[in-house]
Student: 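Take a look at this one; I'll ask things after.
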Amino acid sequence: MLTGWKLSVLGIIIVGITGIIASVTGLIEPGRAVALFVVFVLFIGALELLERMKSRRKKKGDMRSSK
């Protein structure tokens, strides 16, 4: 099962391919497709950053409780 960064990379690849196909077939303007792709990548990056911050807090909490 894909979790963590592997799922994020798979999502970015799928959205990128879909954006390319949509712009080639004329469903969306290429500039708009690129902009939406960039927004999606920033969103995924923010989610990954929040997940890392959450895991760091858990590790710090474990260290404090063990002292």
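No experiment lies behind these values; they were computed from the predicted model shown. Residue numbers run from 1 in the order of the sequence given.
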Student: Nearest 0.5 angstrom please: Glu48 CD to Glu51 CD, how far?
Tutor: 7.0 Å

Student: For residues Ile17 and Val34: do they belong to one hydrophobic cluster (side chain heavy atoms under 4.5 Å, members Ile, Leu, Val, Met, Phe, Trp, Tyr)?
Tutor: no

Student: Once you round to the nearest 0.5 Å, how far does OG of Ser8 lie from CZ of Phe43?
Tutor: 10.0 Å

Student: Could you state whether Phe40 and Leu47 fall into the same hydrophobic cluster, counting links through intermediate Ile, Leu, Val, Met, Phe, Trp or Tyr residues with side-chain heavy atoms under 4.5 angstrom apart?
Tutor: yes

Student: So, for Phe37 and Val15, which heavy atoms are closest and what is the spacing to 0.1 Å?
Tutor: CD1-CG1, 4.0 Å

Student: Side chains of Lys54 and Leu50: does their closest heavy-atom pair fall under 4.5 Å?
Tutor: no

Student: Grab the two heavy atoms, one from Ser23 and one from Pro30, that are nearest each other, plus how far apart they are.
Tutor: CB-CA, 4.0 Å

Student: List the atom of Thr18, the atom of Ile14, and the distance in Å for their closest heavy-atom pair.
Tutor: OG1-O, 2.8 Å

Student: Rounded to the nearest 0.5 Å, what separates atom CG in Leu7 from atom CD1 in Ile12?
Tutor: 10.0 Å

